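Inspection log for the structure reproduced underneath, given as structure tokens.
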Amino acid sequence: MKEKVNLNALSIILVRPKFHENIGSVARAMKNMGLTRLMIVNGCSPLHPNAYKLASGAEDILERAEEFFRFEEALSEMGCVVGTTSRGGKERQPLLTPKILAKKLVSLSKKNLIGLAFGSEKEGLTNEELSLCHLYVRIPSVESFASLNLAQAVMVVCYEVSQAFMDIPKQAVRLAEAEKVERMFEHMEKTLTQIGFLDSDHPKRIMRVLRNLFGRSQMDEREVQILQGIWSQMDRYVRIGKKAK
């Protein structure tokens, strides 16, 4: 039987939005397409009169909006985080269209909370912020003018998500929460730096590749615990080696 995306599992995350009007327009786009949870990271207030002016009937979304200082805080309970970008590159592969992304979310949304992250109007999401995402989406547009208005981008993605449907496995997979995955990555970086695999002065470059690699695998909680166990065992042998000297 074909099923649709569970829209209640989805959150729109606006990272560093600069203009109240855009937040109001995003709220309206969300309500048009059936999404209700809005998160704002280190941005302007969703309760400004100019935001209300553009929300036009979606004021309830603005009033329930959750505000965070750091991107990581907004992601803590998410099983899957989708980063939007207008740029390609090896570290942003595979780069999905909104339509293909939407089909992936049909199954994922059954047992996982999902964050759809959009960067600021001028810069978009930074490389560091994209490294915290598990999937990447780019809205097809002409190369000479690829950047969309924030609310337009949200509307395109929300529309595709609201329309997608497909057959899903009987047993949907519950992924590890982003907070637990992030703790595992922090442990990984510390351990790989300690054994000399990562350059202690520039560990992030290789870590972005590793984050992308493991992010694509969409790990469940047991898999994350296994990796944590590997890093802990490596830490133990490092300590033994130091004592032996």
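The residues of the chain are indexed from 1 along the displayed sequence. The model shown is predicted, which means the values in this text are computed figures rather than measured ones. Hydrogens, waters and symmetry mates play no part in the numbers below; they use all other heavy atoms, side chains included.
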| task | Given side chain to side chain contact (heavy atoms under 4.5 Å, CB included), test M184 with M219 step by step and report yes or no. | result | CA-CA 11 Å; M184 185 278 292; M219 298 175 287; 3.7 Å; yes
Under 4.5 Å between any side-chain heavy atoms of [X] and [Y], yes or no?
| X | Y | result |
| --- | --- | --- |
| R183 | M188 | no |
| E221 | E177 | no |
| I13 | L75 | yes |

| message | Between S120 and E123, do the side chains contain a donor N or O and an acceptor N or O under 3.5 Å apart? | response |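 Present: a donor and an acceptor within the cut-off.
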Decide if atom [atom1] of [X] counts as having more than 12 heavy atoms of other residues, nucleotides or ligands within a radius under 6.0 Å.
| X | atom1 | result |
| --- | --- | --- |
| Y52 | OH | yes |
| K99 | NZ | no |
| K31 | NZ | yes |

Donor-acceptor pair, distance only, cut-off 3.5 Å: does the side chain of [X] make one with the backbone of [Y]?
| X | Y | answer |
| --- | --- | --- |
| E129 | T126 | yes |
| S25 | N22 | no |
| N112 | I114 | no |
| Y136 | L130 | yes |
| R211 | C133 | no |
| Q152 | N149 | yes |
| R138 | L95 | no |

| query | What pair of heavy atoms forms the shortest contact from F118 to T84, and how long is it? | reply |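 Reported closest heavy-atom pair: CA-OG1, 3.4 Å.
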| query | In the single-linkage hydrophobic clustering (I, L, V, M, F, W, Y; side-chain heavy atoms under 4.5 Å), do L101 and L150 co-cluster? | reply |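 Linked, L101 and L150 end up in one cluster.
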| query | Side-chain heavy atoms under 4.5 angstrom apart, residues restricted to Ile, Leu, Val, Met, Phe, Trp, Tyr: same cluster for L175 and V224? | reply |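 No.
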| said: For D235 and H187: C-alpha separation, side-chain torsions, deciding distance, then whether side-chain hydrogen bond (donor to acceptor under 3.5 Å, both in side chains) applies. | reply: CA-CA 10 Å; D235 293 342; H187 192 173; 2.6 Å; yes
